[in-house]
Number of protein chains: 2
Amino acid sequence: MRLSCISNFGYTFVMNIESLLKKKNIKVTTARVALLKLLEAASKPVCYEEIKGRIAMDKATFYRNMITFEEAGILNAFESHSKMRYFELGHTPHAHFVCTACNGVECIESIDVQLPGYEIGTIVIHGRCRSCVEAGV
Amino acid sequence: MRLSCISNFGYTFVMNIESLLKKKNIKVTTARVALLKLLEAASKPVCYEEIKGRIAMDKATFYRNMITFEEAGILNAFESHSKMRYFELGHTPHAHFVCTACNGVECIESIDVQLPGYEIGTIVIHGRCRSCVEAGV
DNA sequence: GTTTTAAATGCAACCAAGTTGCATTTGTTA
DNA sequence: TAACAAATGCAACTTGGTTGCATTTAAAAC
Ligand SMILES: [Mn+2]
Ligand SMILES: [Mn+2]
Ligand SMILES: [Zn+2]
Ligand SMILES: [Zn+2]
């Protein structure tokens, strides 16, 4: 892989992405490495609109790779209101909060929903986030 | 309003819809009465696709009236995966389950999510519903 | 009852997030 | 380095929902 792919995280980080992809039998491409670096650096789930300015690839490539990553268990996805799909690395199950005022998305680790007999995938809570409630927005 | 609007629920029911609309200062139209009758008869939230065969109006009228009802507090709405918007009478807050296998939508009254500082609107849980889990779908 | 008026409706065009088909490019393996 | 399958870019497409505007309708004013 190219030197240009070395990130703030250093060479080790780049190697980890490569090994991860190889272990999952996913071809190592510059687009995929760029996406995983971006997702790793992001502290929140991201959607295409948010990051399209920071990636060079076509949106078809973005979405196709998100599907690839999702099927490989590398990331999980959910959709907010406004029909937008959000992606984040990892697949530890937890809920997400989507603010209808500021459109912010937060991971919610603190709640635990149980529904006997059901198999729960994603949980999305809509409402006004703490800072919007405090600010009276 | 027309006699043809008298429903299985009888005259009293029709009067209730009319009074409700009048109380909310919403003009009583045949489209609106038909929609409220259908929502009243439905035991689950409905989306446009599901009911378009049973209503005479254009989809623009359907959606515009749903917005009117929502703003008046007559119904609440949420969107499932697949970008579809569901509507149900009443606005008692409760969660909804959307099955990714059979696309069924269920009201979930049994869970109570608390997020101090946040203002919770709708909660949507995705996964496989009980009958799909049992059937191994 | 008829007229008047603003609001509701139907229609067709539009919108936006995401998907798809296909020619071209790229990564891997031989 | 050659060969080939897989990934990519581009543009066209899909789909659930929205919008502009001419026409119709409900409700109030005569
Ligand atoms: Mn998260
Ligand atoms: Mn419900
Ligand atoms: Zn907010
Ligand atoms: Zn199901």
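Order of the sequence lines sets the chain letters (A, B, ...), proteins ahead of strands, with each chain counted from 1. Model, not experiment: these values are computed from the prediction.
A donor-acceptor contact under 3.5 angstrom links the side-chain atoms of B:Lys59 to the base of D:dG17.
In terms of position along DNA chain D, the nucleotide closest to A:Arg32 lies nearer the 5' end than the nucleotide closest to the other residue of the pair A:Arg32 and B:Lys22. Mapping A:Asn25 and B:Glu49 onto DNA chain D by nearest heavy atom places A:Asn25 closer to the 5' end of the strand.
Put simply, B:Thr29 has a side-chain N or O that comes within less than 4.0 Å of OP1 or OP2 on C:dT9. Dashed line: the shortest gap from a side-chain N or O of A:Thr61 to OP1 or OP2 of D:dG9 is under 4.0 Å.
Note: OH (B:Tyr86) to C1' (D:dG16) measures 12 Å, nearest angstrom. The distance between atom CZ of A:Arg85 and atom P of D:dT14, rounded to the nearest whole Å, is 21 Å. Taking atom CE on B:Met66 and atom P on C:dA8, their separation rounds to 14 Å, with Å as the unit. Across the protein-nucleic acid pair, A:Arg64 atom CZ and C:dT20 atom C1' stand 7 Å apart, rounded to whole Å.
In this structure, the side chain of B:Ser80 does not engage the main chain of B:Val98 through any donor-acceptor pair within 3.5 Å. The backbone N or O of B:Thr100 sits nowhere less than 3.5 Å from a side-chain atom of B:Arg128 that would complete a donor-acceptor pair.
For the residue pair B:Glu119 / A:His126, no side-chain donor-acceptor distance below 3.5 Å is found, with atom types taken as modelled.
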**Request:** Give the intermediate values and the outcome of side-chain contact (heavy atoms from CB on, under 4.5 Å) for residues B:Asn76 and B:Thr122.
**Result:** CA-CA 9 Å; B:Asn76 60 51; B:Thr122 67; 5.9 Å; no

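Closest to the side chain of B:Tyr63, out of C:dT19, D:dG16, D:dT8, is D:dG16.
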